[in-house]
Amino acid sequence: MPKFYITTPIYYVNDKPHIGHAYTTIAADVIARWHRLRGDDVFFLTGTDEHGEKIMKAATAAGKSPQEFVDGLAVVYKDAWKKLNISYDYFVRTSDPNHERLVKLFVDKLYKSGDLYKGIYEGWYCVSDETFFTQLQLRDGKCPECGKEVKLIKEEDYFFKLSKYQQRLLDFYKENPDFLSPKFRADEIKNRVKAGLKDLSITRSAVKWGVEFPPDKSYTIYVWVDALLNYVTALDWPDGKRFGEFWPADVHVMAKEINWFHSVIWPALLFCAGMEPPKKIFAHGWWTVDGKKMSKSVGNVVDPIDMSRKYSTDAFRYFLLREMPFGDDGDFSEKALVTRLNTELASDLGNLFNRVFTLAEKFDGKIEGRVELEMQLDIEGITKSMDNIELFNALAKIFEYVAAANKYVNDTRPWALKDEQLGNALYNLLEACRVLSIVLYPFMPETSEKVAKQLGTKVGTLEECKFRKFSAKVSKGELLFKKVDAG
RNA sequence: AGCGGGGUAGGGUAGCCUGGAGUGCCCGCCGGGCUCAUAACCCGGAGAUCGUUGGUCCAAAUCCAGCCCCCGCUACCA
């Protein structure tokens, strides 16, 4: 059985999840469910990133210890993923003692490799935002966030010789053309690496809430190194059974702003440790909301839990993956969501099931006949799209089949048929519905299960996406998607 | 400034890499069909100088160059 290891980033727990977190996680869930449907042995990892100065400050402000504080937020994330039907296999936390232990082990290994050295780190620090900026990030020499004065901080840190890995990375990208995706992101990364790599300071002296740096205990390990390592500590690197079974990761899914860390720094760290890099990095785009950049100050942050409660988890999941090609940027609006829910989910898909099941329930003859509605389903195309992580294209193909099935109803006019002819039409339509329940499963698992139940069966595997003898007993249930008023 | 992406009917997109009738899809609009179904479904129609100028070519949305707009990213923010 082929294995498939997929991850989301671990999310920084300074706030509850917003639509961006939900998007990454839902997309990864869809891919994970797809591979389970294929029969792969899937390991789907998500989790939370819990170290850093900001967390400590937030905890203090809340009158809690950092650990109490992050414990509370980890639960918020787990609850959210439950509501969004995320089928993760393991939830990793960077404050977990096992993670911390393995991070130290890994960094110690880096240290012994000789690729760490002591140097001077310089950065522009904004006191009010408690954040470092690079020279280029500054706006008119002032803080790009708040516009206040920044001061140059110099500190002695341990550096990782990232520059040493420039050529190795470029060679790796060349030998593995599918490593960086989508394609248009690959050139961005390659060009930046070609332009030259600077070494990376991987310790902090000011940050107390973090993993201790073993060779020099006055430092903590830079949170990004801590965070990236979750992908292997969750597998119990180096000796765990899961590590042997699942590493290297098949795909790391994330938003584009952290592509650099995954495409450049992460493989370099792994090279240094003598380990295999992941097979694929997939960086998706960002959502604007009603045409504007989402931000707390504008007050347009979309809460995925609200959306799923209001329109159903499946409708929300569907919308996110249907509205924009996976990889691009796109715009979220409730109006657009309602339109897709009312037209594609209620009128096209839901109504198809409803009209077919209504006809089938009234019929007491034999449901059998010639296969007439199978080849309209482009299962090869869907498979190819899903395997290439073109989720948008896969959905488009699935809905072409929905349209073909609706057309078949209109063309065959089953309400005017009886006996064998009606049995034939119903056979084709019910098999089409059954097959649809399978291919829709990764995207809308609840709906898929409801359809299977109404068909008197269970959601099948990808292999069962072929027409066969229909033997189940149909019992119509409630409407799968009801229309809602816009606004 | 550097790097990258984009400008296709009222809106949104695909097509561009590997030139070949403006070809497709979704929403909206107009007309027809059907009556199993959630006023659902099916068919047809109107609507585009494919940002702009020039070039290559028998042929350009597609390739090349210039220009005009729009938008990202520029690494130690977690």
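Chain letters run A, B, ... following the sequence lines, proteins first, then strands; residues in each count from 1.
- Here B:C36 is the nucleotide among B:C36, B:A75, B:C27 with the atom lying nearest to any side-chain atom of A:Leu359.
- With C1' as the reference atom, B:G15 and B:G72 are 23 Å apart, rounded to whole Å.
- Contact annotation for A:Glu400: no contact, since no heavy-atom pair falls under 4.0 Å across all strands.
- For the pair A:Phe399 CZ and B:C41 C1', the interatomic distance rounds to 15 Å; values are reported in whole Å.
- Residue A:Lys483 places at least one side-chain N or O under 4.0 Å from the OP1 or OP2 atom of B:A40.
- For A:Asn351, the side-chain atoms get nearest to B:C41 when compared with the rest of B:C41, B:C36, B:U35.
- Between the CG atom of A:Leu430 and the P atom of B:C36 there is a distance of 18 Å, rounded to whole Å.
- Counting non-hydrogen atoms under 4.0 angstrom, A:Ser347 reaches the backbone sugars and phosphates but no base.
- A:Gly196 comes within 4.0 angstrom of a nucleotide base, judged by non-hydrogen atoms across all strands.
- Taking a pair to require two hydrogen-bonding distances under 3.5 Å in either a Watson-Crick or a G-U wobble arrangement, B:U52 pairs with B:G66.
- Look at CD on A:Glu361: it is 12 Å from P on B:A37, rounded to the nearest Å.
- Here B:G24 sits opposite B:U13 as a Watson-Crick or G-U wobble pair (both hydrogen-bonding atom distances under 3.5 Å).
- For the P atoms, the distance from B:C64 to B:G7 is 15 Å, rounded to whole Å.
- The distance from atom NZ of A:Lys256 to atom P of B:A75 is 15 Å, rounded to the nearest whole Å.
- By the 30° and 60° cut-offs, the orientation of the rings of A:Tyr318 relative to A:Phe399 is tilted.
- Across all strands shown, A:Ile202 has no heavy atoms under 4.0 Å from either base or sugar-phosphate atoms.
- Considering every non-hydrogen atom in both A:Pro214 and A:Val107, the closest pair reads CD-CG1, 4.3 Å.
- Between the C1' atoms of B:G6 and B:A14, the separation comes to 14 Å (whole Å).
- When heavy atoms are screened at a 4.0 angstrom cut-off, A:Tyr11 is found touching no nucleic acid atom at all.
- Comparing B:G72, B:C34, B:C41 by their nearest atom to the side chain of A:Asn410 picks out B:C41.
- Relative ring orientation between A:His21 and A:His18 is described as tilted, the plane-to-plane angle lying within the 30° to 60° band.
- Look at the C1' atom in both B:G11 and B:A1: the space between them is 35 Å, to the nearest Å.
- Atoms CZ (A:Arg322) and P (B:U13) sit 14 Å apart, rounded to a whole Å.
- When heavy atoms are screened at a 4.0 angstrom cut-off, A:Leu197 is found touching base atoms of the nucleic acid.
- Going from the P atom of B:A21 to that of B:C16 covers 14 Å, rounded to whole Å.
- Searching all strands for a Watson-Crick or G-U wobble partner of B:G44 with both distances below 3.5 Å returns B:C30.
- Heavy-atom distances to RNA chain B give each of A:Val223 and A:Thr339 a nearest nucleotide, and the one nearer the 5′ end belongs to A:Thr339.
- Comparing the C1' positions of B:G55 and B:U8 gives an interatomic distance of 22 Å, to the nearest angstrom.
- Whole-Å rounding puts the A:Trp266 CH2 to B:A75 C1' distance at 18 Å.
- With hydrogens and angles ignored, the 3.5 Å screen pairs a side-chain donor or acceptor of A:Asn342 with a backbone N or O of A:Val484.
- Residue contacts for A:Asn393: at a heavy-atom cut-off of 4.0 Å it reaches no nucleic acid atom on any strand shown.
- Counting to the nearest Å, the P atom of B:C42 and the CG atom of A:Leu373 are 13 Å from each other.
- Between the CZ atom of A:Arg355 and the P atom of B:A37 there is a distance of 10 Å, rounded to whole Å.
- Here A:Asp348 lies in heavy-atom contact (under 4.0 Å) with sugar-phosphate atoms only.
- Using atom C1' as the reference point in both B:G33 and B:C17, the two lie 43 Å apart (nearest Å).
- Ring orientation note: the planes of A:Trp224 and A:Phe261 are close to parallel, at an angle under 30° on the 30°/60° scale.
- With B:A37, B:U38, B:C42 as the choices, the nucleotide that has an atom nearest any side-chain atom of A:Thr358 turns out to be B:A37.
- Side-chain proximity of A:Val409 to the nucleotides B:C36, B:C26, B:U38 is greatest for B:C36.
- Between the CG atom in A:Leu170 and the OH atom in A:Tyr165 there is a gap of 14.5 Å [rounded to 0.5 Å].
- For A:Lys407, counting side-chain heavy atoms from C-beta on, the closest listed nucleotide (B:U38, B:A75, B:C42) is B:C42.
- Outside the 6.0 Å centre-distance limit, the rings of A:Phe91 and A:Tyr77 are not counted as a close aromatic pair.
- Nucleotides of RNA chain B nearest to A:Lys362 and A:Ser201 differ in position, and the one nearer the 5' end is that of A:Lys362.
- Here the separation of B:C36 from B:G19, taken at their C1' atoms, is 48 Å to the nearest Å.
- B:C3 is paired with B:G72 under the criterion used here, namely a Watson-Crick or G-U wobble arrangement in which both key atom distances are under 3.5 Å.
- Below 30°, between 30° and 60°, or above 60°: for A:Tyr158 and A:Tyr219 the angle between ring planes is above 60°, a perpendicular geometry.
- Base pairing analysis places B:U35 opposite nothing; no Watson-Crick or G-U wobble pair with both distances below 3.5 Å involves it.
- Phosphate proximity of B:A75 to A:Arg192: absent, as no side-chain N or O sits under 4.0 Å from OP1 or OP2.
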